[in-house]
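Heads up, the thing below is written out as structure tokens.
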Amino acid sequence: MRNNLESVFDIFKERGFVEQVTDETGVRDLLEEPTTCYIGFDPTASSFHLGSLVPIMSLAHMQRAGHRPIALVGGGTTLVGDPSGKTELRPIMKREEIDKNAQGLREQLSRFLDFENGKAIMANNADWLTKLNYIEFLRDFGRFFSVNRMLSAESYKERFKTGLNFIEFNYMLLQAYDFWHLFKHYDCRLQMGGNDQWGNILAGVDLTRRLEGEAIHCITFPLFTTSSGIKMGKTHKGSVWLDSEKTSPFDYYQYWINQDDKDIERFLAIFTFLPMNEVKKLGALQGADIRHAKEVLAYEATKLCHGKAEAEKAKLAAHQLFGTDAEELSESVPKHPLGADELEPGVPAYILFEKMGLCKSRGEARRLIKQGGGYINDHRIETFDQIIDTKDMMNDSILLRGGKKRYLRIILQ
RNA sequence: GGAGAGGUACCCGAGAGGUCAAAGGGAGCAGACUGUAAAUCUGCCGGCUCAGCCUUCGGAGGUUCGAAUCCUCCCCUCUCCA
């Protein structure tokens, strides 16, 4: 245990988690003893998406090393909206919606963290922020914040171009208050977060020093983009979610498989727990062999998020769909039910593609098929209005495919 | 409160009465090439009952044979002044 404790910071460094630290030696010293740390998550949706995976992994590393992570759901701060790095005002959400989302996040976090016996803690800042009294808050805390300094914060830069609303300007104070609050009540001395949070986190460090005369710390993570500069976890379908209802384990697996060669080693280090020597070995693979590294990445990442069984299924499905002999098709291909009475009279292919959600509109489906990207049971569909009916059934199902990678199996009901 | 600038498709951004479903770029999609990668090339990229029709240029009205383009009112954003 002792050894583990000493090494967490090194693990972070080695695996590429660290962008900035308040005080490296200070943090190292701190982490020699079991420490409570926290990361805030915004409950703007009922599921995490991939963007939150870096912080989640970091909390998991902390816990494995014997520290105590707090996952703070920003039920209160979301009522205000964080302007950091954003280009526009975020829509302000309703209280009930936020509470509902927080519930969903709680469940997902428990796949990565062990909340038994207080080994990890879940908190919601709505519990204290919504009770604040404006005048008292200004007198007791507001006076410690220098507007001049806040104005120079990097996180507001983007917003000065278009205008920063006062409500958002307050976000920093609230996040600072959170850190102080968690320090007071949980002896939390370390906050982590994406590098866009640097300014907000430092505000909390400063506030606590002024109020309590205590040094607390912060580590920020690099903001992950793919090699092509796109934000992680975004695809044409929108975000990649950790919720299997929103992003199937198969699609999740495929997301990782399809990453750029250049990203694989970095991602293995961040998004899996594989030992670093193995990560390096996989990262050193060249040419087509990198596919193996991608497979490991996809498998490990899927296993962490959806469990071993789902990861196996996704891997098998991928082999069968993309491997040389695509004979038996796996269970993991997303399935869609369709009433027998609907298929019986025959449905034009483009309508079927739209109905099954493979295309957003019928026009898009027409286009797809006209361009040669529509397949049924692995045969290219020749005309967009080709009639599909029960004769196209193979083993009680029909396999549709859009382009090279989007598969869908119709199950007749 | 005053003065000015501006709101165009996922994003950026041209258009200034008909030839505008709206240039160009980015993102995205498909095809070819490949390794389910990258790069490249080609095509697509509002909706539909698709060689035609319908609905779009902040919102509501109006002028006109005809409006993203002109007029009126409203909403929103930015800049400068108070």
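Throughout, protein chains are lettered first and strands after them, A, B, ... in sequence-line order, and every chain is numbered starting at 1.
Annotation: cation-pi pair A:R210/A:F144 absent, no NZ/CZ under 6.0 Å from the ring centroid and within 45° of its normal. Cation-pi geometry between A:R189 and A:F183 is not met at under 6.0 angstrom from the ring centre and within 45 degrees of the axis.
Taking the ring centroids of A:Y38 and A:F179, they lie under the 6.0 Å cut-off. Between A:F271 and A:W256, the distance from one ring center to the other falls under 6.0 angstrom. Between A:W180 and A:F141, the distance from one ring center to the other falls under 6.0 angstrom.
Separating the CZ atom of A:F384 from the P atom of B:C48 is a distance of 12 Å, rounded to the nearest angstrom. Look at CD1 on A:I369: it is 12 Å from P on B:G31, rounded to the nearest Å. The NZ atom of A:K405 sits 8 Å away from the C1' atom of B:A37 (whole-angstrom rounding). B:C50 atom C1' lies 11 Å from atom CG of A:D385, rounded to whole Å. Separating the CG atom of A:L358 from the P atom of B:C29 is a distance of 13 Å, rounded to the nearest angstrom. Remark: P of B:A37 and CH2 of A:W256 are 17 Å apart, rounded to the nearest angstrom. Distance, A:F267 CZ to B:A37 P: 16 Å, rounded to whole Å. Atom pair A:Y253:OH and B:A37:C1' shows a separation of 15 Å (rounding to whole Å applied).
More than 12 non-hydrogen atoms from other residues, nucleotides or ligands lie less than 6.0 angstrom from CG of A:N277.
Within the nucleic acid shown, A:G374 has no heavy atom closer than 4.0 Å to any nucleic acid atom. A:K294 comes within 4.0 angstrom of a nucleotide base, judged by non-hydrogen atoms across all strands. Looking at heavy-atom distances under 4.0 Å, A:L368 makes contact with sugar-phosphate atoms alone, never a base. Contact annotation for A:Y375: backbone-only contact, meaning every heavy-atom pair under 4.0 Å involves sugar-phosphate atoms and none involves a base.
Using Watson-Crick or G-U wobble geometry with both donor-acceptor distances under 3.5 Å, B:A68 finds no partner in any strand shown. Under the Watson-Crick and G-U wobble criteria, each requiring two contacts below 3.5 Å, nucleotide B:A39 is left unpaired. In this structure B:G46 sits in a base pair with B:C54, meeting the Watson-Crick or G-U test at under 3.5 Å. Pair check for B:A23 finds none; no Watson-Crick or G-U wobble contact set falls under 3.5 Å. As the counterpart of B:C73, B:G59 is assigned, both hydrogen-bonding distances of the Watson-Crick or G-U wobble pattern falling under 3.5 Å. Across all strands shown, B:U34 forms no Watson-Crick or G-U wobble pair with both distances under 3.5 Å. B:A14: no Watson-Crick or G-U partner with both key distances under 3.5 Å is found in any strand.
B:C50 and B:C76 are spaced 43 Å apart, taking the P atom of each and rounding to whole Å. Spacing of P atoms, B:U69 relative to B:A16, comes out at 13 Å, to the nearest Å. Remark: the separation of the C1' atoms in B:C20 and B:G31 is 29 Å, to the nearest Å. Rounded to whole Å, the P atom of B:C44 lies 45 Å from the corresponding atom of B:C80. The P atoms of B:A32 and B:U77 are separated by 50 Å, rounded to the nearest whole Å. The same atom, C1', is picked in B:C75 and in B:A60; the two are 10 Å apart, to the nearest Å. Taking atom P in both B:A23 and B:G18, the straight-line distance is 16 Å, to the nearest Å. With P as the reference atom, B:G13 and B:U19 are 25 Å apart, rounded to whole Å.
Comparing B:U34, B:U36, B:A30 against the side chain of A:R406 picks out B:A30 as the nearest. Between B:U36, B:A30, B:G35, one nucleotide has an atom nearer to the side chain of A:I257 than all others, and that is B:U36. Checking B:C50, B:U36, B:A38 against every side-chain atom of A:D260, the shortest atom distance belongs to B:A38. Checking B:U36, B:C33, B:U49 against the side-chain heavy atoms of A:Y350 singles out B:U49 as nearest.
Comparing A:G373 and A:N258 against RNA chain B, the residue whose closest nucleotide sits nearer the 5' end is A:G373. Along RNA chain B, the nucleotide closest to A:K404 and the one closest to A:E354 are compared, and the more 5′ of them pairs with A:K404.
With hydrogens and angles ignored, no donor-acceptor pair under 3.5 angstrom links the side chain of A:D289 to the base of B:G35.
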Restricting to nitrogen or oxygen on both sides, can you table the protein-nucleotides 53-57 of chain B pairs closer than 3.5 Å?
none

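Classification of A:D251 and A:R406 as a salt-bridged pair fails, no side-chain N sitting under 4.0 Å from a carboxylate O. A salt bridge between A:R266 and A:D263 is present, with a side-chain N of the basic residue lying under 4.0 Å from a carboxylate O of the acidic one. Salt-bridge check for A:E24 with A:K13: passed, with a basic side-chain N closer than 4.0 Å to an acidic carboxylate O.
A distance-only check finds no donor-acceptor pair linking the side chain of A:D389 to the backbone of A:G346 [under 3.5 Å].
The shortest distance between side-chain heavy atoms of A:I410 and A:S397 does not fall below 4.5 Å.
Closest heavy-atom contact between A:A314 and A:P249: CB-O, 4.0 Å.
No hydrogens or angles considered: nothing links the side chains of A:S244 and A:E310 as a donor-acceptor pair under 3.5 Å.
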Take nucleotides 42-47 of chain B nucleotide by nucleotide from the 5' end and write B, S or -, depending on whether a protein heavy atom sits under 4.0 Å from the base, only from the sugar-phosphate, or from neither. -BSS-S

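Distances shown here put every side-chain N or O of A:K315 at or beyond 4.0 Å from the OP1 or OP2 atom of B:U36.
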